[in-house]
Undergrad: 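My questions all concern the structure below.
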Protein chains: 2
Amino acid sequence: MVKKQLIMEKAIDLFAKQGFEATSVQQITEHCGISKGAFYLSFKSKDELILALIDHFMMQFTADIDYVVKNTKDDEKLFHEFYYTTFNSFLKHSDFGKILMKEQSQSFNKELLIKMQSYDKLYEKSIMTMIDRLYGDEIEHIKYDLMYCIKGFTSTYSHLFLFQNVSVDLDLLSQSLVEKTHILAKHTTIPFISAELVHMGRLPIDDSVTKEQILEVVEQKIEEIEESIEKESLVLLKEHLVEPSLSPAIIKGLLENIRNHPHCKWISYLLRNYYKFY
Amino acid sequence: MVKKQLIMEKAIDLFAKQGFEATSVQQITEHCGISKGAFYLSFKSKDELILALIDHFMMQFTADIDYVVKNTKDDEKLFHEFYYTTFNSFLKHSDFGKILMKEQSQSFNKELLIKMQSYDKLYEKSIMTMIDRLYGDEIEHIKYDLMYCIKGFTSTYSHLFLFQNVSVDLDLLSQSLVEKTHILAKHTTIPFISAELVHMGRLPIDDSVTKEQILEVVEQKIEEIEESIEKESLVLLKEHLVEPSLSPAIIKGLLENIRNHPHCKWISYLLRNYYKFY
DNA sequence: TTGACAAATGACCGATTAGTCATTATTATA
DNA sequence: TATAATAATGACTAATCGGTCATTTGTCAA
């Protein structure tokens, strides 16, 4: 299982430099110092690797954004936290960010397309939550336009530090985008994007998650991670899932324990939403 | 020479669907109904094909935008014309637009990277011209931010009709973006992007064009095109280049003759700038 | 009809690809 | 230490890639 992570880390390096298709399995295994056969013990195919990478990072990203959006109490800081977290994630995992930008609209794989669309949908949902909370009904008619502009800002400005090697002041960048967002929200009058337009051309996605599915992910992670606090927290959460016995306060504390572990963010996200902690 | 155009047209289809690297020369020649050898009579390599495609479309696009920016007299309509022309070009050549979006940051080829950056620079120049004309010194401190937002709008909203199969009202879209642009220009106070930031991380590009270079392109096009009016106009323009003999009015008229021919837009652009017609 | 020239062909080349599997090395158990 | 179970190897396959070139086909004027 630790081999799987090694491969993923080294593959990221190469994919970011050369792109997915231009990188061979041979190159990856050489970069890892393992044999070609060993690669196929961890992943059934090269495609499965890229899917795993996307899941690994997008789950963290989605969970981080969701946490910030739902746990920032101060309305004044909401968009700033959102922008900052978005850019910080891109910066922290800039290699993956590059892959994402490069391969974004590359429909070479239907499964990948559906995956990306489902994460994108969650991202849009978070943005809409913020817009509804800050501006309410008063901008009902232009709220999808605002959402689209916000998405546009994040992707456009990400290019700056992903593809041009410039170091940027994320705080200032976030400030300037918060201002732009507020300005657009207050003054825009001409709507262009409707709810229908947002959802058209999308593939239908089943995004309901059952207790059993969560349980499966939790059990898998328990095997994977080694840190004691996180592992014990997961075990307790798993037992509570099978047979509820803990108080909400304890649950919330356990979730907080695992929230910042890179491999637990997604579980934390799933459970937060399962237990309706927001 | 007509074979070259056939290959380019058919290749566009496949590149848009599968991407550049995922499309083989074999596939292209089969789609054209020609042999593999015939392909290499028209293009020295597969790389040369993609470079030719990018030149072919980007020259048209750049020339169109430049014309609109320099020839729209009414300030009120300037940004509307700009947005409309941008989106209309993307829509008209949507297959190429897809390729552009897919392959944008793919640095698989240094020559391609430089090419794209030089066209991008021209696009940014056009935007800055509009900003300077409409808002002048009053927004000096945030003009690069505004430019970046405008670029962001065009690329973000292009996704709508390129990758989701939705038909959009380009006029309404342009209207709504004109409004957003004006709003941002009037109210933005926090600058983030500086002139240095825009030019950092860029490769140096030589964008001066000599008379000899223009002459070369003109002569080449004279051989290529068949339409009589355009051809004759080109011949006259060429003679005037070698030995000036025509009045400015005639030159302007000749340029107008060829302006809307897909293969002459670039020449028209080069000559307009050479004779300083703006 | 002939011969000279150009256009077009597709079998072929060496390199590279994703993926397999018989074999070997390592580890755990008894 | 002996045995069973697991992990890891890398030579191998079949397919495909971009690109070449001896050969064939087509098109002229003579």
Side-chain angles (χ1 to χ4, degrees), chain A residues 1-54 99 102-103 106-113 220 223-224 226, chain B residues 1-55 99 102-103 106-113 115 220 223-224 226:
Chain A
M1 202 49 88
V2 82
K3 181 70 60 63
K4 211 164 177 171
Q5 284 165 35
L6 171 72
I7 293 172
M8 285 168 76
E9 274 171 35
K10 298 296 185 183
I12 283 275
D13 294 345
L14 298 171
F15 287 164
K17 279 181 207 136
Q18 312 169 336
F20 174 68
E21 280 182 290
T23 304
S24 68
V25 175
Q26 191 98 289
Q27 276 181 288
I28 296 170
T29 56
E30 277 168 17
H31 202 232
C32 290
I34 62 170
S35 70
K36 209 168 172 187
F39 174 91
Y40 286 94
L41 291 177
S42 293
F43 296 95
K44 276 206 284 286
S45 69
K46 194 183 163 191
D47 275 6
E48 205 189 73
L49 168 61
I50 189 83
L51 290 173
L53 282 172
I54 285 179
I99 298 171
K102 282 182 184 177
E103 239 74 32
Q106 203 88 6
S107 58
F108 69 87
N109 188 318
K110 185 140 194 172
E111 200 179 341
L112 187 142
L113 199 76
Q220 192 185 316
E223 298 302 313
E224 270 181 47
E226 286 153 13
Chain B
M1 201 48 88
V2 83
K3 181 72 61 61
K4 211 165 178 172
Q5 284 167 33
L6 171 74
I7 293 172
M8 287 169 75
E9 275 171 36
K10 297 296 185 184
I12 283 273
D13 294 346
L14 297 171
F15 288 163
K17 277 180 208 138
Q18 312 168 335
F20 175 68
E21 280 182 291
T23 304
S24 68
V25 175
Q26 191 103 318
Q27 277 181 289
I28 297 169
T29 56
E30 276 168 16
H31 201 232
C32 291
I34 61 170
S35 70
K36 210 170 169 186
F39 174 91
Y40 286 93
L41 291 177
S42 293
F43 296 96
K44 275 205 283 287
S45 69
K46 193 185 164 191
D47 275 6
E48 205 189 74
L49 169 60
I50 188 83
L51 290 172
L53 281 172
I54 285 178
D55 264 333
I99 298 171
K102 282 184 184 175
E103 239 74 32
Q106 202 90 7
S107 59
F108 68 87
N109 186 318
K110 186 141 193 173
E111 199 180 340
L112 188 141
L113 199 76
K115 207 178 263 301
Q220 193 186 316
E223 298 302 312
E224 269 181 49
E226 285 153 14

Undergrad: Once you round it to whole Å, what is the distance between P of C/dT16 and CD of A/Glu21?
TA: 18 Å
Undergrad: Of the options C/dG10, D/dG10, C/dG19, whose atoms approach the side-chain atoms of B/Ser35 most closely?
TA: C/dG10
Undergrad: Assuming nearest nucleotide by heavy-atom distance, tell me which of B/Ile34 and A/Gln26 is located more 5' along DNA chain C.
TA: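 That would be B/Ile34.
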Undergrad: Please evaluate residues B/Ile7 and B/Lys3 with respect to the criterion side-chain contact (heavy atoms from CB on, under 4.5 Å), reporting the C-alpha separation (whole Å), side-chain torsions for both, the decisive distance (0.1 Å), and the verdict.
TA: CA-CA 6 Å; B/Ile7 293 172; B/Lys3 181 72 61 61; 4.2 Å; yes
Undergrad: Does the base of C/dA18 carry an N or O that pairs as donor and acceptor with the side chain of A/Lys36 under 3.5 Å?
TA: yes
Undergrad: Given atom CD1 of A/Ile28 and atom P of C/dT16, what is their separation to the nearest angstrom?
TA: 17 Å
Undergrad: Using the side-chain heavy atoms of B/Val25, tell me which of these nucleotides is nearest: C/dT9, C/dG19, D/dG18.
TA: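 Given the options C/dT9, C/dG19, D/dG18, the side chain of B/Val25 is closest to D/dG18.
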Undergrad: What is the distance, to the nearest angstrom, from the CD atom on A/Gln27 to the P atom on C/dA15?
TA: 17 Å
Undergrad: Let me know the distance between NZ of B/Lys4 and P of C/dA7, rounded to the nearest Å.
TA: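 Nearest whole value for this atom pair: 14 Å.
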Undergrad: Answer whether the closest heavy-atom distance between the side chains of A/Lys10 and A/Leu6 falls below 4.5 Å.
TA: yes
Undergrad: Is any side-chain nitrogen or oxygen of B/Lys44 closer than 4.0 Å to OP1 or OP2 of D/dG19?
TA: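 For B/Lys44, the contact criterion (side-chain N or O under 4.0 Å from OP1 or OP2 of D/dG19) is not met.
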Undergrad: For a 4.5 angstrom cut-off between non-hydrogen side-chain atoms, does A/Ile54 reach A/Ile99?
TA: no
Undergrad: Is B/Lys46 positioned over the aromatic face of B/Phe20, cation under 6.0 angstrom from the ring centre and no more than 45 degrees off axis?
TA: yes
Undergrad: Quick one: A/Leu41 CG to C/dA25 P, roughly how many Å, whole number?
TA: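 Roughly 17 Å, once rounded to whole Å.
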Undergrad: Quick one: label B/Thr29 by what it contacts on the DNA or RNA (base, sugar-phosphate, nothing), any heavy atom closer than 4.0 Å.
TA: nothing
Undergrad: Are B/Val25 and B/Phe43 packed together at the side-chain level, in the sense that at least one heavy-atom pair is separated by less than 4.5 angstrom?
TA: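 When only atoms from C-beta onward are counted, B/Phe43 and B/Val25 do not touch, as no gap falls below 4.5 Å.
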Undergrad: Under 4.0 Å between any heavy atoms, over every strand shown, what does A/Thr23 touch: base, sugar-phosphate, or nothing? Just pick one.
TA: sugar-phosphate
Undergrad: Please report, rounded to the nearest Å, how far the P atom of D/dA7 is from the CZ atom of A/Phe43.
TA: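 Between P of D/dA7 and CZ of A/Phe43: 16 Å.
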Undergrad: Nearest whole angstrom, please: distance from the C1' of C/dT17 to the CZ of A/Phe39.
TA: 13 Å
Undergrad: Measure the distance from CG on B/Leu49 to C1' on D/dC17 and round it to the nearest whole Å.
TA: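 After rounding, the reported distance stands at 16 Å.
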Undergrad: Measure from the side chain of B/Tyr40, starting at C-beta and using heavy atoms only, and say which of C/dT20, D/dT20, C/dT9 lies closest.
TA: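 My answer, after comparing the listed nucleotides, is D/dT20.
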Undergrad: By the 4.0 Å heavy-atom rule, please label B/Lys46 as base, sugar-phosphate, or nothing.
TA: sugar-phosphate
Undergrad: Determine: side-chain N/O of B/Ser24 to OP1/OP2 of D/dC17, distance under 4.0 Å, yes or no.
TA: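 The answer is yes; a side-chain N or O of B/Ser24 sits under 4.0 Å from OP1 or OP2.
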